[in-house]
Amino acid sequence: MSQTNMAQPGAEQPLTQLVLNKWFSYQDEVFLPLKNLPNKHQGLFSIAFAGNFTVTHIKAIIDFFAKHNQTVTGLCQYQPDLSLPAALCFYIKQAEQPINPLVLQQFASTLDFQLVQIACPPNLYEPGLLVMDMDSTAITIECIDEIARLANVYDEVASVTALAMAGKLDFSESLNQRVAKLTGIEKSLIDELKNNLPLMPGIKMLCQILKQHQWHLAIASGGFVPFAEQVQTLINLDEVHANVLEFKDNKLTGKVLGTIVDAQQKAVILESLQQQLGLIKSQTVAIGDGANDLKMMATAGLGVAVHGKAKVVEQAQAAICQGSLLQLLYMLAIPLNSEATV
């Protein structure tokens, strides 16, 4: 391909002219290599992923940012893992504040991709901390709802769970109410459910990759210890924090023992682990789907809503609204150093 063709691609061509992990400027329909890498401590990094991108997309995205008074100063195509399609990162050096995540989501959905905007991104290639919610995050179900199904009170409990996750009920109070309805459930049924937990797509591979780069992995869950310990085994987590169910004569008593892992406690767990590990804040990540995850997300350097409710998406720094959790790598492996290669 000639230099002219590389510099002036057709609007619908795939972006093969953008060398992976290299930064370019884009002006007057021309790509030119940037001499210097973006400064991770300044500006915003906007990541477009889960799409089939062309120059038309680049123009539309740059125009979208311009309408929000944000000027793109660099862009990069990168692929943090071979099992993921390439993504685009747009660097905005001067930006007063990020665009509302719901606005980003609405725009991106019209062009069939996902879009997030983050500041001071974590670095996959340095030690870090990931603290995750469990129910509807690390696994695809809400364990308390499935226990309720065994007790024939699913509808009643699930409706309360939905309200609590949307932030419309106090979490601790709602948890006690829901657990009380589970009185008498046999421990053997809990064990059966525990042994058949469906993992969220992408979570196991994500954890494998993070462990390769010396990340500490933990669950901070408003769910229950037996399930959290099972997930720990399945995806090789370093530690789990969850609520303790009381059993008597191998049956649930309907009570929770000890300190409830609520929104505040999740944030305390993350902050405590950060201090224990001696990490800077920007190397801490929290993911979850419910309103009770928001304080933990705000405490982390990067808080990501996972298939979250609208309130959670809006208040989190970023969101994965569809697809595999492996897509979190797009936010951890922006090519800002020499190690960012597939």
Side-chain angles (χ1 to χ4, degrees), residues 20-21 45-53 76-89 101 104-105 108-109 112-118 121-141 197-221 230-238 240 283-289 293 296-297 300-308 312-313 316-337 339-342:
L20 286 178
N21 303 320
F45 295 83
S46 305
I47 305 160
F49 61 96
N52 185 20
F53 298 109
C76 175
Q77 184 174 217
Y78 66 113
Q79 186 181 13
D81 188 82
L82 290 174
S83 63
L84 291 170
L88 295 169
C89 184
L104 294 175
Q105 181 186 12
S109 65
D112 198 25
F113 66 93
Q114 298 186 63
L115 182 63
V116 300
Q117 196 168 64
I118 64 177
N123 184 354
L124 171 66
Y125 307 100
E126 296 178 359
L129 168 66
L130 172 64
V131 181
M132 66 190 82
D133 179 37
M134 178 177 66
D135 298 81
S136 297
T137 299
I139 59 178
T140 63
I141 61 172
L197 295 177
L199 293 176
M200 190 68 76
I203 187 65
K204 188 169 186 176
M205 186 178 294
L206 172 67
C207 291
Q208 288 173 347
I209 291 171
L210 291 176
K211 293 295 285 185
Q212 290 171 6
H213 296 288
Q214 288 76 54
W215 279 58
H216 190 89
L217 310 179
I219 276 178
S221 173
Q230 178 69 359
V231 175
Q232 180 178 19
T233 299
L234 292 173
I235 59 178
N236 192 26
L237 303 179
D238 294 290
V240 297
Q283 283 299 105
T284 63
V285 180
I287 62 174
D289 73 299
D293 297 312
M296 175 175 72
M297 292 183 193
L302 174 63
V304 181
V306 174
H307 306 156
V312 183
V313 171
Q317 191 176 347
I320 297 172
C321 297
Q322 300 175 40
S324 168
L325 286 194
L326 191 62
Q327 295 173 122
L328 184 64
L329 291 181
Y330 289 129
M331 301 168 220
L332 308 183
I334 297 172
L336 297 173
N337 59 57
E339 294 184 77
T341 57
V342 175

Query raised in the report: Does some side-chain heavy atom of Leu20 sit less than 4.5 Å from a side-chain heavy atom of Gln77?
Result: yes
Query raised in the report: Taking side chain as C-beta onward, heavy atoms only, is Leu336 less than 4.5 Å from Pro121?
Result: yes
Report task. Determine yes or no for a side-chain-to-main-chain donor-acceptor pair under 3.5 angstrom, with Gln283 supplying the side chain and Leu129 the backbone. Result -> no
**Report entry** NZ (Lys211) with more than 12 external heavy atoms under 6.0 Å
**Finding:** yes
Report summary line: Interatomic distance, CG@Asp293 vs CG@Asp133, rounded to 0.5 Å, equals 4.0 Å
Query raised in the report: Is there side-chain contact between Leu130 and Ile287, with heavy atoms separated by less than 4.5 Å?
Result: yes
Query raised in the report: If we only count heavy atoms from C-beta on, is the Leu237 to Cys207 side-chain gap below 4.5 Å?
Result: yes
Query raised in the report: Taking side chain as C-beta onward, heavy atoms only, is Ile320 less than 4.5 Å from Tyr330?
Result: no
Query raised in the report: So among Ile203, Leu197, Thr137, Asp135, which one has a side-chain contact (heavy atoms from CB on, under 4.5 Å) with Val231?
Result: Leu197
Query raised in the report: Could you give the distance from CZ (Phe49) to CG (Leu329), rounded to the nearest 0.5 Å?
Result: 11.0 Å
Report summary line: Value for CG (Asn21) from SG (Cys89), rounded to nearest 0.5 Å, stands at 11.0 Å
Query raised in the report: How about Cys321 and Gln114: do any of their side-chain heavy atoms sit closer than 4.5 Å?
Result: yes
Requested in this report: Starting at CH2 of Trp215, measure out to CG of Leu124 and round the result to the nearest 0.5 Å.
Outcome: 7.0 Å
Query raised in the report: Gln327 and side-chain contact (heavy atoms from CB on, under 4.5 Å): which partner among Leu84, Val116, Val306?
Result: Leu84
Query raised in the report: If you measure from CE on Met296 to CE on Met132, what distance do you get to the nearest 0.5 Å?
Result: 9.5 Å
Query raised in the report: Would a 4.5 Å heavy-atom cut-off, applied to side chains only, mark Leu206 and Ile235 as touching?
Result: no
